[in-house]
Trainee: 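To start, I am sharing the structure in question, which I have written as structure tokens.
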Amino acid sequence: MEIDKIAIGKLIISRLVAGTNQISGFSHFSKQLDQEMIDYFGVNEVMNYFNQCINNGITTVVARAD
């Protein structure tokens with residue numbers, strides 16, 4: 001399946017946007033699940049997540065900047 005893309009200026013980006021709640025530990029469920037997410041997503045898991053996005057044609061992400 002091909003991911004739809006759009007142009008923003010000279011950039012071509014995927015219309016499907018990856019989020020980062022899981023990486024930042026925001027489960028919106030419980031503090032315990034938040035902590036489990038934070039504990040799981042080390043550097044290797046974060047890189048794996050983004051590599052999976054890229055490999056599946058997702059080139060756009062909305063992430064916290066803090």
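For reference, positions follow the sequence shown, starting with 1.
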Trainee: Might you point out which heavy atoms bring Ala18 and Tyr49 nearest each other, and give the distance in Å?
Mentor: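 Scanning both residues completely, I find the closest heavy atoms to be CB-OH, 3.6 Å.
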
Trainee: List in chain and number order the residues that pass side-chain hydrogen bond (donor to acceptor under 3.5 Å, both in side chains) with Tyr40, two or more places apart in sequence or in another chain; answer none if no residue qualifies.
Mentor: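 Result, side-chain hydrogen bond (donor to acceptor under 3.5 Å, both in side chains) vs Tyr40: none returned.
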
Trainee: So, using side-chain contact (heavy atoms from CB on, under 4.5 Å) as the criterion, who are the partners of Thr60 when residues are at least two apart?
Mentor: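 Thr60 satisfies side-chain contact (heavy atoms from CB on, under 4.5 Å) with Ile13, Ser14, Val17 only.
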
Trainee: Can you list, by chain and residue number, the hydrophobic cluster partners of Met47 when the side-chain cut-off is 4.5 Å?
Mentor: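 Hydrophobic cluster check, Met47: joined to Val43.
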
Trainee: Listed by chain and number, what are the side-chain contact (heavy atoms from CB on, under 4.5 Å) partners of Glu2, not counting sequence neighbours?
Mentor: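 Testing Glu2 for side-chain contact (heavy atoms from CB on, under 4.5 Å), a comparison that skips the adjacent residues, returns Lys5.
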
Trainee: Consider only side-chain heavy atoms of I, L, V, M, F, W and Y, link residues closer than 4.5 Å, and tell whether Leu11 and Ile6 are in one cluster.
Mentor: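 Yes: a chain of side-chain contacts under 4.5 Å links Leu11 to Ile6.
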
Trainee: Val61 and Val46: same hydrophobic cluster, using ILVMFWY side-chain contacts below 4.5 Å?
Mentor: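 Linked, Val61 and Val46 end up in one cluster.
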
Trainee: Run the side-chain hydrogen bond (donor to acceptor under 3.5 Å, both in side chains) test against Asp39 and tell me which residues pass, sequence neighbours left out.
Mentor: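 For Asp39, the residues satisfying side-chain hydrogen bond (donor to acceptor under 3.5 Å, both in side chains) (neighbours in sequence not counted) are Gln35.
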
Trainee: Asn21: what forms a side-chain contact (heavy atoms from CB on, under 4.5 Å) with it, not counting sequence neighbours?
Mentor: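 In terms of side-chain contact (heavy atoms from CB on, under 4.5 Å), with neighbours along the sequence ignored, Asn21 is linked to Phe26, His28.
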
Trainee: If hydrophobic clusters are built from ILVMFWY residues whose side chains come within less than 4.5 Å, do Met37 and Phe29 share one?
Mentor: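 Linked within one cluster.
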
Trainee: With sequence neighbours left out, what residues match Ser27 under side-chain hydrogen bond (donor to acceptor under 3.5 Å, both in side chains)?
Mentor: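 Here the qualifying residues are Asp34.
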
Trainee: Using the rule given for side-chain contact (heavy atoms from CB on, under 4.5 Å), can you reason through Phe50 versus Ile23, listing the C-alpha separation, both sets of side-chain angles and the distance that settles it, and then say yes or no?
Mentor: CA-CA 11 Å; Phe50 286 123; Ile23 293 168; 4.0 Å; yes

Trainee: Please check: side-chain N/O of Ser30 versus main-chain N/O of Leu33, any donor-acceptor pairing under 3.5 Å?
Mentor: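 It does hold such a pair.
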
Trainee: Is the backbone of Asn44 close enough, under 3.5 Å, to the side chain of Asn48 for a donor and an acceptor to pair up by distance?
Mentor: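 Pair absent, no side-chain N/O of Asn48 close to backbone of Asn44.
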
Trainee: Provide the full list of salt bridge (Lys or Arg N to Asp or Glu O under 4.0 Å) pairs with a residue in residues 40-65, sequence neighbours left out, each pair given once.
Mentor: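 Found Arg64-Asp66.
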
